[in-house]
Chemist: 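Here you go, one structure.
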Amino acid sequence: MSLAGKIALITGAGRGIGAATARRLAAEGATVLANDLDESAFQVTQSIKATGGKSQSLVADILAPEAPAQLVEQAINECGTPDILVHCAGFTADDLLEAMDEVQWSSMLDIHLSVPFRLAQALWPHWKAQALEAVPRQQSVSPRKFIVISSVAALFGNAGQANYGAAKAGSEGLIRTLAREGGPYNILANAVRFGSIDTRLTAIREDQRKGGPGLGIVQQRRFAAQTALRRIGTVEEASGAIYFLASDDSNYVTGQTLEVSGGLLGIFS
Ligand SMILES: NC(=O)c1ccc[n+]([C@@H]2O[C@H](COP(=O)([O-])OP(=O)(O)OC[C@H]3O[C@@H](n4cnc5c(N)ncnc54)[C@H](O)[C@@H]3O)[C@@H](O)[C@H]2O)c1
């Protein structure tokens, strides 16, 4: 129970990597505030409670510009200031460059880059205040963890994902500055850069199964054949890396991107 007493706010916690992370952090003793668009958040909360964990669902479309601030306020009012934030809410909008429209472009920048920016803006005043309050009492504030999810598309590019790759690369840049600004207040910011993890997001869609273009997220699945481990990852393996960054085992790790890809070792792999 290494996260006993901690509060973790997880976006996109209803499915995939977010749901596995919710279950893992709850199993380690954290109170998990599970956000998602729909009743999936409620289902994850129920499954955590059924195994003796603590959890509450916060249903909201995190893309609404005011939603990140509202979500943080709701979390604080109902449970207390989160110690851990994991932004897992996400989707893709793949197309070749010349076919990609403005909505596809901007939706990726919104969900993968602007939303974590807004979540950080909402949390920072509370987290800084906690640190400043601790100083006169000569107590050190416990580390607060801000974690975003990136993709190997940020590093290697991926045909059909100019929007997604750019947004994910931006999120890796974002956490480096958050780490610098947050460091003096013991706020740590990191990213996990996943390769191919077995979720709804990477499931092969019917049109692609029938010989569609094989772009974007389908291509990402093909990355798996090039990994040292020669397979895609499970959501439990994905959540293990997020747990590491959320736990006290990583209290001297900040501004980093941890790649969890089964060993995508470049052209020689
Ligand atoms: N699966 C992979 O291989 C992989 C690889 C690299 C990065 N990622 C990233 O991991 C994150 C999670 O993806 P996943 O594979 O678990 O996908 P998923 O589809 O299984 O889960 C994503 C969850 O986010 C929720 N969501 C989407 N938009 C939302 C919104 N506006 N507000 C609230 N919730 C919203 C969805 O409802 C869903 O429950 C994403 O950022 C994705 O880009 C995934």
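One is the number of the first residue; the rest follow in order along the sequence. For ligands, and for the atoms within them, numbers begin at 1 and follow the listed sequence.
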Chemist: What atoms of ligand 1 come within less than 4.0 Å of a heavy atom belonging to Ile62?
Modeler: 30 (C), 31 (N), 32 (N), 33 (C)

Chemist: What part of Asn35, side chain from CB on, backbone N/CA/C/O, both or neither, has a heavy atom under 4.0 Å from ligand 1?
Modeler: side chain

Chemist: Do Glu78 and Gln74 have side-chain N/O donor and acceptor atoms under 3.5 Å apart?
Modeler: yes

Chemist: Compute whether any side-chain donor of one residue and acceptor of the other, for Asn190 and Gln256, lie under 3.5 angstrom apart.
Modeler: no

Chemist: Residue-level breakdown please: for His112 versus ligand 1, do any non-hydrogen atoms fall below 4.0 Å on the side chain, on the backbone, on both, or on neither?
Modeler: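 The answer is the side chain of His112.
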
Chemist: What part of Arg193, side chain, backbone, both or neither, has a heavy atom within less than 4.0 angstrom of ligand 1?
Modeler: neither

Chemist: Strictly below 4.0 Å, N to O, side chains only: are Asp83 and Lys145 in salt-bridge contact?
Modeler: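 Judged by the 4.0 Å cut-off on N to carboxylate O distance, Asp83 and Lys145 do not form a salt bridge.
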
Chemist: Quick one about Thr21 and Ser239 (side-chain donor to acceptor, distance below 3.5 Å, no hydrogens or angles considered), yes or no?
Modeler: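 Ser239 vs Thr21: no donor-acceptor pair found between side chains.
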
Chemist: Taking the side chain as C-beta and beyond, is there a heavy-atom pair between Thr202 and Ile197 under 4.5 Å?
Modeler: no

Chemist: Does either side chain, that of His87 or that of Thr11, offer a donor lying less than 3.5 Å from an acceptor on the other one?
Modeler: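 Their side chains do contain a donor-acceptor pair, which is all the 3.5 Å distance test asks for.
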
Chemist: Under 4.0 Å, heavy-atom basis, I'd like to know which part of Leu37 is in contact with ligand 1: side chain, backbone, both or neither.
Modeler: both

Chemist: Considering residues at least two apart in sequence or located in another chain, which fulfil the side chain to side chain contact (heavy atoms under 4.5 Å, CB included) criterion with Gln121?
Modeler: Phe117

Chemist: Can a non-hydrogen atom of Ala20 be found less than 4.0 Å from any atom of ligand 1?
Modeler: no

Chemist: Salt bridge check: are Glu172 and Arg193 linked by an N-O gap of less than 4.0 Å?
Modeler: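 Between Arg193 and Glu172 there is a salt bridge, with a charged N closer than 4.0 Å to a carboxylate O.
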
Chemist: Please find the pair of heavy atoms, one from Gly233 and one from Glu237, that lie closest to each other, and give the distance.
Modeler: CA-OE1, 3.4 Å

Chemist: Are any of the N/O atoms in Thr199 less than 3.5 Å from those in ligand 1?
Modeler: yes

Chemist: Hey, is ligand 1 close enough to Gly18 that some N/O pair sits below 3.5 Å?
Modeler: no

Chemist: Ligand 1 and Lys168, any nitrogen or oxygen pair closer than 3.5 angstrom?
Modeler: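 N/O-N/O distance below 3.5 Å exists for this pair.
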
Chemist: Are Arg15 and Asp38 ion-paired here, with the side-chain N under 4.0 Å from a carboxylate O?
Modeler: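 Yes, Arg15 and Asp38 are salt-bridged.
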
Chemist: Is any N or O atom of Gly12, backbone or side chain, closer than 3.5 Å to an N or O atom of ligand 1?
Modeler: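 No, Gly12 has no N/O under 3.5 Å of an N/O on ligand 1.
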
Chemist: Short list, please: which atoms of ligand 1 are under 4.0 Å from a heavy atom of Gly16?
Modeler: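 Under 4.0 Å from Gly16, ligand 1 has these atoms: 16 (O), 20 (O).
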
Chemist: Just which atoms of ligand 1 are under 4.0 Å from any heavy atom in Ser196?
Modeler: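 Once the distances to Ser196 are compared, the set is 3 (O).
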
Chemist: Looking only at distance, does Ile149 have an N or O less than 3.5 Å from an N or O of ligand 1?
Modeler: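 Between Ile149 and ligand 1, no N or O pair is found under 3.5 Å apart.
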
Chemist: For the side chain to side chain contact (heavy atoms under 4.5 Å, CB included) test, which of Leu245, Leu188, Thr254, Leu119 pairs with Phe146?
Modeler: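 Of the listed residues Leu245, Leu188, Thr254, Leu119, the side chain to side chain contact (heavy atoms under 4.5 Å, CB included) partner of Phe146 is Leu119.
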
Chemist: Ignoring hydrogens, what is the shortest heavy-atom contact between Ala34 and Ala41? Give both atom names and the distance.
Modeler: O-CB, 3.5 Å

Chemist: Would you say Ser40 and ligand 1 have an N/O pair spaced under 3.5 Å apart?
Modeler: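 No; the residue has no nitrogen or oxygen that sits under 3.5 Å from a nitrogen or oxygen of the ligand.
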
Chemist: Please round to the nearest 0.5 Å and tell me the distance separating atom CG of Leu113 and atom OG of Ser150.
Modeler: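 Between atom CG of Leu113 and atom OG of Ser150 there are 10.5 Å.
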
Chemist: Based purely on interatomic distance, does Phe194 place a nitrogen or oxygen under 3.5 Å from a nitrogen or oxygen of ligand 1?
Modeler: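 For ligand 1, there is no N or O atom that lies under 3.5 Å from one belonging to Phe194.
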
Chemist: Using a 4.0 Å heavy-atom cut-off, say whether Ala67 meets ligand 1 through its side chain, its backbone, both or neither.
Modeler: neither

Chemist: Kindly identify the option in Ala89, Ser150, Ala238, Ala34 whose heavy atom sits closest to atom 35 (C) of ligand 1.
Modeler: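 Comparing heavy atoms across Ala89, Ser150, Ala238, Ala34, the nearest one to atom 35 (C) of ligand 1 lies in Ala89.
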
Chemist: Can you find an N/O atom of Asp36 closer than 3.5 Å to an N/O atom of ligand 1?
Modeler: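 Min N/O separation from ligand 1 is below 3.5 Å for Asp36.
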
Chemist: Near Asp61, which atoms of ligand 1 are under 4.0 Å from a heavy atom of that residue?
Modeler: 30 (C), 31 (N), 32 (N)

Chemist: Quick check: Arg15 and ligand 1, any N/O pair under 3.5 Å apart?
Modeler: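 N/O-N/O distance under 3.5 Å: yes.
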
Chemist: Near Ala60, which atoms of ligand 1 are under 4.0 Å from a heavy atom of that residue?
Modeler: 32 (N), 33 (C)

Chemist: Check ligand 1 against Tyr164 and write out every atom of the ligand that is under 4.0 Å from a heavy-atom position of the residue.
Modeler: 6 (C), 7 (C), 8 (N), 9 (C), 42 (C), 43 (O)

Chemist: Under 4.0 Å, heavy-atom basis, I'd like to know which part of Ala13 is in contact with ligand 1: side chain, backbone, both or neither.
Modeler: neither

Chemist: Any side-chain heavy-atom pair from Thr199 and Val235 closer than 4.5 angstrom?
Modeler: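 Touching, per the 4.5 Å side-chain cut-off.
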
Chemist: Give the atom numbers and elements of ligand 1 that come within less than 4.0 Å of a heavy atom of Cys88.
Modeler: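 In order of number, 11 (C), 12 (C), 40 (C), 41 (O).
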
Chemist: Classify the side-chain pair Asp95/Gln104 by whether it contains a donor and acceptor separated by less than 3.5 Å.
Modeler: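 Side chains of Asp95 and Gln104: pair found under 3.5 Å.
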
Chemist: Pull out every atom of ligand 1 sitting under 4.0 Å from any heavy atom of Phe91, numbered as shown with elements.
Modeler: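 Contacts of ligand 1 toward Phe91, numbered from 1: 28 (N).
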
Chemist: Considering Ile242, Ile232, Ile197, Leu63 one by one, which has a heavy atom nearer to atom 2 (C) of ligand 1 than any of the others?
Modeler: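 Going through Ile242, Ile232, Ile197, Leu63 one by one, Ile197 has the nearest heavy atom to atom 2 (C) of ligand 1.
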
